Amino acid sequence: MKQIAAMPGATATVCDNLALYGGGPDRDDFDPREVWDRSEAEFALTEAVSILVRGVAIEGTQLHDELEPLLWGFTNMLHAQVQRLDRIVDRLVPEMRDLERAQDGTEIAALELQKLTDRAHNLGDRRDAFETLRDTAADIYSRHTGETWRPRHGSHTSQTRALTSAAIDARDFLRARRDRKNSAHLPAGTLVAIAGGKDVSDTQAIWATLDDARAKYADMILVHGGGPGTEKIAASWAEARGVHQIVCRPNWDAHGRAAPFRRNDDLLNLLPKGIIAFPGTGITANLVDKARQLGIPVHRIR
């Protein structure tokens, strides 16, 4: 008599597929997995960058000239993941509030809120993991280039560790200051702005001037435009001294040629305690004139 092979059950089939292809909980299920293996992830990241440096941007080749933008983009990739997960969590918050208000004591309503809360926590933990990797990549970028990694737009702050010098975008700072809930997370201190031309290269004079300002205001927060020359040297000073920065960049897309002058207005809207002005162009002169009209003290360096 011909025997018929037994067909595997549904549960066995699912288990076999999971063993072969992997799998995880559905979107709304509780996720018991670890968020990440930190030591393995950081080791893999360091190895990946080493391969880029040794195998792609080899010293003595033309591609070595592309090392800085290559490492910048690698770090920015991780930064983009942090921002993406931040946005997802932000979209979940109103839904969680609605569910909290709609609690009627039933088990179904409570379970729905618990699932959404668990999802928000998991996404937040993933976000923190990518932020840690971004900060590690930023450290590697600094070692290879001698520069501080910063995104093209927005802030460079870290919730998972204290950066040597957090760089906060001026627009983010103003929005947070208007928001009573977020203002508690702003760095507290005295805002001191610096401006000057891109051709100013006297590092010693800029550092000495900023050291004098910090001696006067121990809680000093540096405000600058994020440009080359004076502002780049000032940013390096802040990084070395562990001073928080607020970066007020021109918005060229929105304002075109008027962007530097509108940037001056944005900077002055922060109401700094004073302006340190090194020699510069008409843009620096415009900032100085507007500051004086507002009664903000200006210290000019000849």
Side-chain angles (χ1 to χ4, degrees), residues 68-69 71-73 75-76 79 138 141-142 145-157 163-174 187 191-211 213-214 220-292 294 296 298-302:
E68 189 276 333
L71 294 180
W72 186 93
T75 307
N76 194 63
H79 181 63
Y141 172 91
S142 296
T145 66
E147 305 287 343
T148 300
W149 184 88
R150 291 190 180 89
R152 296 278 186 258
H153 305 287
S155 298
H156 177 212
T157 58
L163 292 175
T164 305
S165 169
I168 303 170
D169 186 80
R171 297 177 186 86
D172 293 343
F173 184 87
L174 281 172
L191 305 186
V192 176
I194 188 169
K198 62 181 180 180
D199 297 324
V200 175
S201 58
D202 192 345
T203 301
Q204 186 175 355
I206 294 172
W207 279 51
T209 302
L210 290 171
D211 280 337
R214 194 184 183 201
M220 173 179 165
I221 298 173
L222 182 68
V223 182
H224 61 86
T230 303
E231 292 162 353
K232 185 174 182 179
I233 295 170
S236 298
W237 171 87
E239 196 72 29
R241 297 290 192 258
V243 172
H244 288 304
Q245 306 170 55
I246 298 175
V247 185
C248 198
R249 294 183 177 86
N251 189 341
W252 297 99
D253 293 337
H255 306 305
R257 292 181 181 179
F261 301 100
R262 293 292 292 271
R263 184 274 312 279
N264 286 348
D265 295 336
D266 292 339
L267 188 152
L268 293 171
N269 283 338
L270 296 171
L271 299 177
K273 187 77 173 180
I275 308 283
I276 298 171
F278 279 81
T281 63
I283 298 169
T284 302
N286 172 266
L287 177 67
V288 169
D289 290 342
K290 288 179 175 177
R292 285 174 171 161
L294 292 170
I296 297 174
V298 177
H299 178 42
R300 301 204 72 162
I301 309 295
R302 301 294 182 183

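Computed from a predicted model, the values in this text were never measured in an experiment.
In this structure the side chain of Phe261 never reaches within 4.5 angstrom of the side chain of Pro250, judged on heavy atoms. Considering only heavy atoms from C-beta on, Leu270 comes within 4.5 Å of Val223 through its side chain. In this structure the side chain of Glu68 reaches within 4.5 angstrom of the side chain of Tyr141, judged on heavy atoms. The side-chain heavy atoms of Asp266 and Cys248, taken from C-beta on, include a pair separated by under 4.5 Å.
The two residues Val288 and Ala277 have their closest heavy-atom pair at CG2-CB, 3.7 Å. The two residues Leu267 and Ala193 come nearest to each other via the heavy atoms CD2-CB, 3.8 Å. In this structure, Pro279 and Val200 approach most closely via the heavy-atom pair O-CG2, 3.3 Å.
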After noting the C-alpha distance and the side-chain angles of Ile296 and Ile275, does the key distance pass the side chain to side chain contact (heavy atoms under 4.5 Å, CB included) rule? CA-CA 7 Å; Ile296 297 174; Ile275 308 283; 3.9 Å; yes
Evaluate side chain to side chain contact (heavy atoms under 4.5 Å, CB included) for Val243 paired with Trp237, printing each intermediate quantity in order. CA-CA 8 Å; Val243 172; Trp237 171 87; 3.8 Å; yes
Where do Lys290 and Arg292 land on the side chain to side chain contact (heavy atoms under 4.5 Å, CB included) test, with the steps shown first? CA-CA 5 Å; Lys290 288 179 175 177; Arg292 285 174 171 161; over 6 Å; no
Checking Leu210 against Arg241 for the side chain to side chain contact (heavy atoms under 4.5 Å, CB included) test, could you report, in this order, the C-alpha distance in whole Å, the side-chain angles of both residues, the deciding distance, and whether it holds? CA-CA 10 Å; Leu210 290 171; Arg241 297 290 192 258; over 6 Å; no
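Of the candidates Asn269, Asn286, Thr284, Asn264 forms a side-chain hydrogen bond (donor to acceptor under 3.5 Å, both in side chains) with just one, namely Asn286.
Asn251 CG to Arg262 CZ: the interatomic distance, rounded to the nearest 0.5 Å, is 9.0 Å. Atom CZ of Arg214 and atom CE of Met220 lie 8.5 Å apart (nearest 0.5 Å). The structure places CG of Leu222 at 9.5 Å from CG of Leu191, a figure rounded to the nearest 0.5 Å. Going from atom CD1 of Ile276 over to atom CD1 of Ile206 covers 10.0 Å, rounded to the nearest 0.5 Å. With rounding to the nearest 0.5 Å, the separation of CG in Asp265 from CG in Leu287 is 9.0 Å. Rounded to the nearest 0.5 Å, atoms CZ (Arg263) and CG (Leu268) are 10.0 Å apart.
Annotation: Lys273, atom NZ; neighbour count of heavy atoms from other residues, nucleotides and ligands within 6.0 Å does not exceed 12.
Pairs engaging residues 220-230 under the side chain to side chain donor-acceptor pair (under 3.5 Å) rule: His224-Gln245 [sequence neighbours left out].
Remark: Asp202 pairs with no residue by the salt bridge (charged side-chain N to carboxylate O under 4.0 Å, His left out) rule, at least two apart or across chains.
Using a distance-only test at 3.5 Å, with no hydrogens or angles considered, a donor-acceptor pair links the side chain of Trp72 to the main chain of Arg150.
No donor-acceptor contact under 3.5 angstrom links the side chains of Asn76 and Trp149, judged on distance only.
A salt bridge is absent between Glu231 and Arg249; no separation between the charged side-chain nitrogens and carboxylate oxygens falls under 4.0 Å.
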